[in-house]
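Everything on this sheet refers to the single structure shown next.
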Amino acid sequence: MKIGYPCINQQLDCTSSKTFRLASYSEERLITLVEQNLACLRRILEYNVANGLLFFRLSSGLVPFASHAVNSYNWQEHFQMTFRRLGEYIKNNQMRISMHPDQFVVLNSPNEQTVRNSIAELEYQGSIMDLMGLDTTAKLQIHGGGAYGDKPSALSRFAEVYHTMLPDAVKARLCVENDDRTYSLQDCMYLHELTGMPIIFDNFHHECLSNGEPMAEAVQMAASTWQEKDGLLMMDYSSQAHGERKGKHVQHIEEQLFHDFLSETEGLDMDLMLEIKDKEASALKALEVAKAMGRL
DNA sequence: CGCGGTCAAGTGGCT
DNA sequence: AGCCACTTGACCGCG
């Protein structure tokens, strides 16, 4: 089991997703920012290795406007060596990497332009992993998309786009994650049957939306969709913020709940991404709890 | 130098 | 109808 957190480290005084406004786009600016973002990413990875956090989600914002039409610069070539060195560091330290394209990536949108933009974004994020030389256990994690009042049609559209439009380099890494209001684990299982994509299981989303599967059973279902080439099951772990609207993530890990989750899933192995507001602080707590329970 | 309106992109649920 | 949340607030013009 590896444990990690997404995108941002609050201990460090840098971020790996600095950006700027489209209106002020220039190649010089792009190059400067990507340099800074990758330098910060290096520091974050070093922090993670020093602290035993071996799972990390790269920010989608490493290269601003990477999939936007305004950007015709060959940043892949320009930063080739930097990416390669980052990848070497990741591999030498046995870290696991994921990326989570944001809410604008919707493969089943009825709007063709949205689908094209989504594919371009997936190609960008996959290319980061390719430039790093990571194998196909490094994953791209998206949701099912919209339902548009007709979920069966939306699911078929997803599968059609998957089979007819997605490049192999994207398909090799693409995973679907159950969300908290539209696509449940069961819906993701159906998408898995249509496409072969592994399912990234989110325990908190499952608590918000499911078809009644107990947690351990749900984890097992998701785990069954992962093949050798995909690596170990990836999971997002979180819990409800008290007194806030349903689906909002807690500020800090609730150790008892996390302990309960590990007990329920005893005998199952997975890599856990802690989607909790205070980032590495909760991930470090989780690491302690998991260690004490003999799960690492 | 601090404030706050606004930012590339989509969708659905809540008020 | 407009706001909010989402993997993450941050940029930048203005006073």
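Convention: sequence-line order gives letters A, B, ...; per-chain numbering from 1. As the structure is a computational prediction, the values presented were derived from the model and not from experiment.
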Nucleotide B:dT11, atom P - distance to CG of A:D179 in whole Å: 13 Å
Between atom CG in A:D150 and atom P in B:dT11, what is the gap in whole Å? 15 Å
Under a 4.0 Å N-O cut-off, is there an ion pair linking A:R43 with A:D13? yes
Set of side-chain contact (heavy atoms from CB on, under 4.5 Å) partners for A:L122, sequence neighbours left out: A:P101, A:V105, A:L107, A:L140, A:I142, A:L166, A:V170, A:L174
Presence of A:K18 side-chain N/O under 4.0 Å of C:dG9 phosphate oxygens OP1/OP2: no
A:Y148 OH - B:dG10 C1' separation (whole Å): 7 Å
Could you give the NE2-to-P distance, from A:H205 to B:dG13, as a whole number of Å? 14 Å
Using the benzene-type ring in the case of Trp, are the ring centres of A:F204 and A:Y237 under 6.0 Å apart? no
By side-chain contact (heavy atoms from CB on, under 4.5 Å), A:H259 pairs with (sequence neighbours left out) A:Q256, A:S263, A:V289, A:M293
side-chain contact (heavy atoms from CB on, under 4.5 Å) filter on A:T15, not counting sequence neighbours, yields A:S17, A:K18
B:dT6 and C:dC3: how far apart are their C1' atoms, nearest whole angstrom? 15 Å
Write down the distance between CD (A:Q113) and P (B:dT11), rounded to a whole number of angstrom. 13 Å
Using the C1' atoms only, state how far C:dC4 lies from C:dG9, rounded to an integer number of Å. 14 Å
Donor-acceptor list for residues 146-156 of chain A side chains, cut-off 3.5 Å, not counting sequence neighbours:
residue	atom	partner	partner atom	Å
A:D150	OD1	A:S153	N	3.4
A:D150	OD1	A:S153	OG	3.3
A:D150	OD2	A:S153	OG	2.5
A:K151	NZ	A:T182	O	2.7
A:K151	NZ	A:D187	OD2	2.8
A:S156	OG	A:P152	O	2.9

In whole Å, measure the gap between the C1' atoms of C:dC6 and B:dC7 for me. 16 Å
Please determine if A:R173 and A:D168 form a salt bridge, counting it only when a charged side-chain N lies under 4.0 Å from a carboxylate O. no
Atom CG of A:N93 and atom CD of A:E46: how far apart are they, to the nearest 0.5 Å? 9.5 Å
Looking only at side-chain N and O atoms, does A:K279 come under 4.0 Å of OP1 or OP2 in C:dG9? no
Less than 3.5 Å apart, any donor N or O on the side chain of A:E121 or A:Q125 sitting next to an acceptor on the other? yes
Indicate whether A:F104 forms a stack on B:dG10; treat it as stacked only if centroid distance is below 5.5 angstrom and interplanar angle below 30 degrees. no
My understanding is that only residues two or more places apart in sequence, or in another chain, count here; which of them pass salt bridge (Lys or Arg N to Asp or Glu O under 4.0 Å) with A:D180? none
Could you measure between the two P atoms, the one in C:dG13 and the one in B:dA8, and give it in whole Å? 12 Å
Just call it for A:Q103: base, sugar-phosphate, or nothing, with non-hydrogen atoms closer than 4.0 Å on any strand. base
Might you work through the side chain to side chain contact (heavy atoms under 4.5 Å, CB included) test for A:Y183 and A:N178, ending with a clear yes or no? CA-CA 6 Å; A:Y183 291 99; A:N178 59 307; over 6 Å; no
Ion pair A:K139/A:E177, N-O distance below 4.0 Å: no
Gap between atoms CG and P, on A:L122 and B:dA9 respectively (whole Å): 18 Å
With sequence neighbours excluded, what pairs up with A:E228 under the side-chain contact (heavy atoms from CB on, under 4.5 Å) test? none
Quick one, which residues of residues 19-41 of chain A touch DNA chain C with a heavy atom under 4.0 Å? A:T19, A:F20, A:R21, A:S24, A:R29
According to a 3.5 Å limit on both distances, what stems of 3 or more consecutive Watson-Crick or G-U pairs are formed with DNA chain C? B:1-7 with C:9-15, B:10-15 with C:1-6
Would you say the ring centroid of A:F65 lies under 6.0 angstrom from that of A:F20? yes
Grab the CZ-C1' distance between A:R116 and B:dA8 for me, whole Å please. 16 Å
Determine the Euclidean distance between corresponding P atoms of B:dT11 and C:dA10; express it in Å to zero decimal places. 26 Å
Using a heavy-atom distance cut-off of less than 4.0 Å, which residues of residues 47-76 of chain A contact DNA chain C? A:R57
Examine A:H206 together with A:F201 and report whether their ring centres are nearer than 6.0 Å. yes
Distances under 3.5 Å only, N/O to N/O: pair up the protein atoms with those of nucleotides 1-4 of chain C.
none

Strand contacts (DNA chain C) in residues 182-189 of chain A, 4.0 angstrom heavy-atom criterion: none
For A:E112 and B:dA9, give me the distance from atom CD to atom C1', rounded to whole Å. 17 Å
Contact nearer the 5' end of DNA chain C, comparing A:I276 with A:R181: A:R181
Answer with yes or no whether the side chains of A:Q103 and A:H143 bring together a donor and an acceptor at under 3.5 Å. no
Using residues 212-221 of chain A as the side-chain source, report each donor-acceptor pair under 3.5 Å to any protein atom, sequence neighbours left out, with the distance given to one decimal.
residue	atom	partner	partner atom	Å
A:E213	OE1	A:N211	N	3.2

